[in-house]
Number of protein chains: 2
Amino acid sequence: MKYSSSKENYIKAIFHLQRSSENVSTNALANALQTKPASVTDMLKKLKEQKILQYERYKGVRLTAEGKKIALLIIRKHRLWEYFLVEKLQFGWEEVHEIAEELEHISSKKLIDRLDDFLGNPRKDPHGDPIPDANGKMPVLQQISLDAIELNKPMEITGIGNQTPELMELLQRTNIKIGSKLEVKKKFSFDNSLEIKMRNAAPFIISQFLAKNLLVNDEE
Amino acid sequence: MKYSSSKENYIKAIFHLQRSSENVSTNALANALQTKPASVTDMLKKLKEQKILQYERYKGVRLTAEGKKIALLIIRKHRLWEYFLVEKLQFGWEEVHEIAEELEHISSKKLIDRLDDFLGNPRKDPHGDPIPDANGKMPVLQQISLDAIELNKPMEITGIGNQTPELMELLQRTNIKIGSKLEVKKKFSFDNSLEIKMRNAAPFIISQFLAKNLLVNDEE
DNA sequence: TAAAAAATTTAGATTTACCTAAATTTATTT
DNA sequence: AAATAAATTTAGGTAAATCTAAATTTTTTA
Ligand SMILES: [Mn+2]
Ligand SMILES: [Mn+2]
Ligand SMILES: [Mn+2]
Ligand SMILES: [Mn+2]
């Protein structure tokens with residue numbers, strides 16, 4: 001089966017949203033897809049027909065097993081293309097998402113499997129997110145929010161939560177990147193801000209909100 | 001400006017067709033695009049509105065300068081992606097066209113220019129066709145049909161005319177490839193067939209029709 | 001628990017890219 | 001130059017993916 005780009009975008013958005021909420025609401029989807037709730041309702045009815053999701057009106061949606069399988073393939077394509085753009089074409093990690101948003105809809109399965117091999121079967125994309133394998137299995141990386149770790153323990157940034165341009169902007173300013181090594185030196189109880197120290201740089205303070213959006217590896 | 005995949009396919013098809021005929025006919029386009037003449041007429045009216053082509057009803061079409069510029073960019077993308085698939089992902093040159101037919105519609109200009117550099121700015125695609133540069137200039141390769149060359153002069157196959165699966169099949173059987181070195185030993189006036197000799201192989205005979213579809217370099 | 005507010009769906013349109021069948025125009029034959 | 005054939009366009013639809021405005025259902029609040 002082959003699905004339109006529009007349908008694939010819906011399937012992927014539902015997949016991501018259903019990890020943080022039981023059933024995914026019409027409004028949440030409309031917001032994620034930059035569209036109107038009425039349009040979402042229309043599409044949900046079509047996707048239900050195709051058994052890609054379970055949907056009862058006014059009750060929100062969940063993907064079926066089939067739906068999840070499709071979502072994981074799209075995510076695989078998205079992340080492999082992002083990796084290609086950064087590693088082979090020298091793009092900055094903040095500019096690849098939009099292009100991958102188009103490339104993820106190229107249909108050839110053989111293409112993506114060959115690309116995977118060409119790239120050396122990477123396990124994480126440039127944002128630190130795990131890349132599903134050819135069977136749709138996604139490695140579970142034990143990532144933990146920087147906000148929750150012990151003091152003075154060396155850590156590596158392996159991912160970021162909310163991937164908005166606003167966060168990107170702040171990361172550039174503070175020079176924090178995927179792969180940066182750092183440790184938390186102190187937590188200030190006044191506003192829960194954290195003092196962090198990166199290798200070869202003076203210590204500085206970041207907000208709790210930012211810390212919650214920085215993921216570090218637990219072991220490894 | 002950004003055009004739909006469908007419009008881009010029309011523009012590219014007109015570009016190719018208008019090299020062999022003054023004005024491109026509705027039927028020729030319908031045939032090339034595997035669609036119906038009535039659909040072509042509809043689309044031509046829209047593309048005329050957008051000043052991409054000159055069209056008067058019952059008289060056929062030609063691209064405007066703007067239309068040609070768009071066509072050359074699409075052809076550039078198509079051929080660079082084909083080169084990538086063959087050279088980096090180990091695809092066979094007969095299986096890349098279909099995938100490139102999708103990849104050519106990815107919109108990022110920066111992506112294609114980076115890809116061009118990554119590939120080492122190739123001048124020909126895997127079928128021997130020239131690749132337009134970032135400004136849309138397409139090198140004119142002096143290619144001449146094998147049917148028209150002198151006897152006993154060493155030549156290299158640099159391109160093929162009609163790129164159908166049928167021709168591909170015959171080429172595989174005869175083991176003729178882009179880059180093959182050969183010379184024409186004799187022409188038979190009975191059916192205009194040619195005896196050719198490839199390096200390290202016994203001479204064999206090919207039809208005039210096949211010879212007309214094999215392009216060789218004139219000088220170089 | 002009855003209003004009010006929020007979320008969601010339905011109704012009715014629009015745009016794009018197609019289609020078939022019928023009408024029209026152009027080209028080719030007698 | 002008619003008549004016939006071929007090419008092309010027009011008329012009238014359809015399906016996908018959107019939208020706005022109005023109706024309905026669910027949730028929250030007073
Ligand atoms: Mn991304
Ligand atoms: Mn997308
Ligand atoms: Mn091609
Ligand atoms: Mn195409």
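The sequence lines fix the lettering, A, B, ..., with proteins before strands; numbering per chain opens at 1.
Between B/F118 and B/F84, the two ring planes are tilted [angle within 30° to 60°]. Below 30°, between 30° and 60°, or above 60°: for B/H127 and B/W93 the angle between ring planes is between 30° and 60°, a tilted geometry.
Not a single donor-acceptor pair, N or O on each side, falls under 3.5 Å between the base of D/dT9 and the side chain of B/Y58.
At whole-Å resolution of the value, NZ in B/K7 and C1' in C/dT16 are 8 Å apart. One atom, CD of B/Q50, and another, C1' of C/dT16, lie 12 Å apart when rounded to the nearest Å. At whole-Å resolution of the value, CD in B/E8 and P in C/dA17 are 11 Å apart. The distance between atom CD1 of A/I11 and atom P of D/dA17, rounded to the nearest whole Å, is 11 Å.
Rounded to 10°, the angle separating the first-five-pair axis and the last-five-pair axis of the helix from C/dT1-D/dA30 to C/dT30-D/dA1 equals 10°.
Shown for residues 29-49 of chain B: residues whose heavy atoms fall under 4.0 angstrom of DNA chain C, namely B/T35, B/K36, B/A38, B/S39, B/D42, B/M43, B/K46.
The side chain of B/R57 places no N or O atom within less than 4.0 Å of a non-bridging phosphate oxygen (OP1 or OP2) of C/dT26. When the side-chain nitrogen and oxygen atoms of B/S25 are compared with OP1 and OP2 of D/dA7, none of them lie within a distance under 4.0 Å. For A/S4, no side-chain nitrogen or oxygen approaches OP1 or OP2 of D/dA16 to under 4.0 Å.
Put simply, the side chain of A/D42 does not reach to within 4.5 Å of the side chain of A/K36, judged on heavy atoms. The closest side-chain heavy-atom distance from A/L115 to A/I112 is below 4.5 Å.
Counting non-hydrogen atoms of other residues, nucleotides and ligands closer than 6.0 Å to NZ of A/K2 gives a total of 12 or fewer. Around CZ of A/F188, the count of heavy atoms belonging to other residues, nucleotides or ligands within 6.0 Å exceeds 12.
Note on A/Y55: only backbone sugar-phosphate atoms sit closer than 4.0 angstrom, heavy atoms only; bases stay farther off. Contacts of A/K59 with the nucleic acid, taken as non-hydrogen atoms under 4.0 Å apart, are absent.
Of the candidates D/dA7, C/dA17, D/dA17, the closest approach to any side-chain atom of B/N27 belongs to D/dA7.
Residue pairs meeting the salt bridge (charged side-chain N to carboxylate O under 4.0 Å, His left out) criterion with at least one partner in residues 51-75 of chain B, sequence neighbours excluded, are absent.
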Checklist entry - What do the steps show when you test A/T164 against A/N162 for side-chain hydrogen bond (donor to acceptor under 3.5 Å, both in side chains), and what is the final call? => result CA-CA 6 Å; A/T164 59; A/N162 159 338; 2.9 Å; yes
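If you run salt bridge (charged side-chain N to carboxylate O under 4.0 Å, His left out) between A/E104 and each of A/K77, A/R79, A/K12, only A/K12 comes through.
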